[in-house]
Participant: 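Below: one structure in structure tokens.
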Protein chains: 2
Amino acid sequence: MRRLKRRGFLLQEGEVCRSYIYVVEGCMRMYEVDENGVEHNLQFAQENEWIVDIGSFHTEKPSSLFIEALEACVVVCIEHADLLHLYTQHPKFDRNFRVIIEDLFVELQQRLLRRNASSAEQRYAHFVQHHPGLAARVPNVHVASYLGVTPEFLSRLRAKTSKRG
Amino acid sequence: MRRLKRRGFLLQEGEVCRSYIYVVEGCMRMYEVDENGVEHNLQFAQENEWIVDIGSFHTEKPSSLFIEALEACVVVCIEHADLLHLYTQHPKFDRNFRVIIEDLFVELQQRLLRRNASSAEQRYAHFVQHHPGLAARVPNVHVASYLGVTPEFLSRLRAKTSKRG
DNA sequence: AAATGACCTTGATCCAGATCAAGGCTTCAG
DNA sequence: CTGAAGCCTTGATCTGGATCAAGGTCATTT
């Protein structure tokens, strides 16, 4: 159990991601900063969701991602060694974490397909429908980055959408 | 062990994906067809790689994807029931398949980030660098779809790139 | 050998979404 | 209260990549 204030980081570029983070309360995001200094949100995590740079976690190599609290948060961090211990002592954890990842994987595939097959407007509509909580909770700047558009363009989409009904 | 000829399907939209497919020889692709009839390649699989619609496989619900042989192929299909059996009899399989998915997941995250952070030209350069085999083996139409651009535009990128050296 | 179809290219034009610039509204620290 | 930062919006302009159209090459079929 760990408390974090708004803008607090649990991971920064260059560090190794040493824990699986389970969000008990609050909202976090994971993002990358590109060579031009632009941020790209990869994932949000709200109550009862996991957030982790799995690549860095397993290889124990430096991450290229940031994990930041968007609000004051309460999280549980499962350390690398502890998780390995769980895995080997209780094979059920292998199973459970396999299933967790599989679900995340499927979701990610769908997102990539949508990114290639749908317009920004469709992607935003989908986001609002499937994550109404996040859409209300997170600044639109971050939603835009998550969807792969600029905040200006998202603003125009919103204006258009709300005019319609 | 199963033989497939070019253009053969192991999964079509509407069917349930009943097996994990391991490619022994040849090359396959998995794709979705959008409401306008346009194909979007999600994944390729060459020798010693896996291909499966994990979502459909686990939920046993109809898939929205196609898995098609791009050449004559030899594959091994692991059926749903057999895999569950392996999982419960030999917990190591949970572990192994967890690790396989984790790696795929990381790769997919990277792809999504690149899709949002890089230009088509950069994405193509990355593809050629990291999958020289595929770039040589697969028609450019399919590479374009995988990268999320039109074949015409990819053709122009290639013309530009080769001019430079 | 002609015909079909798969694949690649090139030109002309168009548009979704980016960029640049400015202003306005909140919130919150000093 | 005041200033600064964070966030959203709107307008003007630009551009990466799409679309439409045509032609060219090669391999396979008949």
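Throughout, a chain's letter reflects where its sequence line sits, starting with A, and its residues are numbered from 1.
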Participant: Hey, what are the protein-to-nucleotides 17-19 of chain C N/O distances that come in under 3.5 Å?
Facilitator:
from    : atom 1 : to      : atom 2 : distance (Å)
dG17(C) : OP1    : A120(A) : N      : 3.2
dA18(C) : OP2    : T150(A) : N      : 3.2
dA18(C) : OP2    : T150(A) : OG1    : 3.1
dT19(C) : O4     : R156(A) : NH2    : 3.1

Participant: Check the angle between the aromatic planes of Y146(A) and F127(A) and answer parallel, tilted or perpendicular using the 30° and 60° thresholds.
Facilitator: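 Ring orientation, 0 to 90° scale: tilted.
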
Participant: If every non-hydrogen atom of S145(A) is compared with every non-hydrogen atom of N41(A), which pair is closest and at what distance?
Facilitator: OG-N, 2.7 Å

Participant: Grab the two heavy atoms, one from H40(B) and one from V38(B), that are nearest each other, plus how far apart they are.
Facilitator: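 Here H40(B) and V38(B) meet closest at CD2-O, 3.4 Å.
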
Participant: Donor-acceptor pair, T88(A) side chain versus H85(A) backbone, under 3.5 Å?
Facilitator: yes

Participant: Using a side-chain heavy atom cutoff under 4.5 Å and only I, L, V, M, F, W and Y, what cluster partners does Y31(B) have?
Facilitator: F9(B), V33(B), F66(B)

Participant: Measuring from the side chain of R158(A) (C-beta onward, heavy atoms only), which nucleotide among dC7(D), dC7(C), dT9(D) has the closest atom?
Facilitator: dT9(D)

Participant: Which residue pairs pass the side chain to side chain donor-acceptor pair (under 3.5 Å) test with at least one member in residues 124-135 of chain A, sequence neighbours excluded?
Facilitator: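 Side chain to side chain donor-acceptor pair (under 3.5 Å) check on residues 124-135 of chain A returns R114(A)-H126(A), Y124(A)-R158(A), H126(A)-H130(A).
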
Participant: To the nearest 10°, let me know how far the axis at one end of the helix from dA1(C)-dT30(D) to dG30(C)-dC1(D) is tilted from the axis at the other, five pairs an end.
Facilitator: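 End axes: 30° apart.
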
Participant: Which letters describe nucleotides 25-30 of chain C, given B = protein heavy atom under 4.0 Å from base, S = only from sugar-phosphate, - = neither?
Facilitator: ------

Participant: Just to verify, which of W50(A), F93(A), Y87(A) counts as forming a ring pair (Phe, Tyr, Trp, His ring centres under 6.0 Å) with Y20(A)?
Facilitator: W50(A)

Participant: Looking at DNA chain D, which of residues 27-38 of chain B put a heavy atom within less than 4.0 Å of it?
Facilitator: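 The stretch gives none, as no residue of it lies under 4.0 Å from the strand.
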
Participant: Please state whether the rings of F105(B) and F105(A) are parallel, tilted or perpendicular, taking 30° and 60° as the class boundaries.
Facilitator: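 Tilted, since the angle between the ring planes falls between 30° and 60°.
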
Participant: Just the table, please: protein N/O against nucleotides 27-30 of chain D N/O, every pair under 3.5 Å.
Facilitator:
none

Participant: Side chain to side chain contact (heavy atoms under 4.5 Å, CB included) for V16(A) and F57(A)? Distances and angles first, verdict last.
Facilitator: CA-CA 7 Å; V16(A) 172; F57(A) 183 85; over 6 Å; no

Participant: Is the backbone N or O of K61(A) less than 3.5 Å from a side-chain atom of S56(A), with the two atoms forming a donor-acceptor pair by type?
Facilitator: yes

Participant: Can you sort out which residues in residues 127-146 of chain A have a heavy atom within less than 4.0 Å of DNA chain C? Ascending by number, please.
Facilitator: none

Participant: What pairs of residues pass the salt bridge (charged side-chain N to carboxylate O under 4.0 Å, His left out) test when at least one of them lies in residues 27-44 of chain A, not counting sequence neighbours?
Facilitator: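 Matches after skipping sequence neighbours: R29(A)-E39(A), R29(A)-E68(A).
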
Participant: Restricting to pairs with a member in residues 80-101 of chain A, which pass salt bridge (charged side-chain N to carboxylate O under 4.0 Å, His left out), not counting sequence neighbours?
Facilitator: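 Residue pairs with at least one partner in residues 80-101 of chain A: D94(A)-R95(B), D94(A)-R98(B), R95(A)-D94(B), R98(A)-E102(A), R98(A)-D94(B).
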
Participant: Minimum heavy-atom separation for V75(B) and V23(B), please, with both atom names.
Facilitator: CG1-CA, 4.3 Å

Participant: Just to verify, what does A69(B) make a side-chain contact (heavy atoms from CB on, under 4.5 Å) with, not counting sequence neighbours?
Facilitator: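 If we apply the side-chain contact (heavy atoms from CB on, under 4.5 Å) test to A69(B), skipping adjacent residues, the hits are L4(B), M28(B), C73(B).
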
Participant: If you look only at pairs with a residue in residues 40-53 of chain A, which of them pass as a salt bridge (charged side-chain N to carboxylate O under 4.0 Å, His left out), with sequence neighbours excluded?
Facilitator: E47(A)-R137(A)

Participant: What is the distance, to the nearest angstrom, from the NZ atom on K160(A) to the P atom on dT9(D)?
Facilitator: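 Taking NZ of K160(A) and P of dT9(D), I get 15 Å after rounding.
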
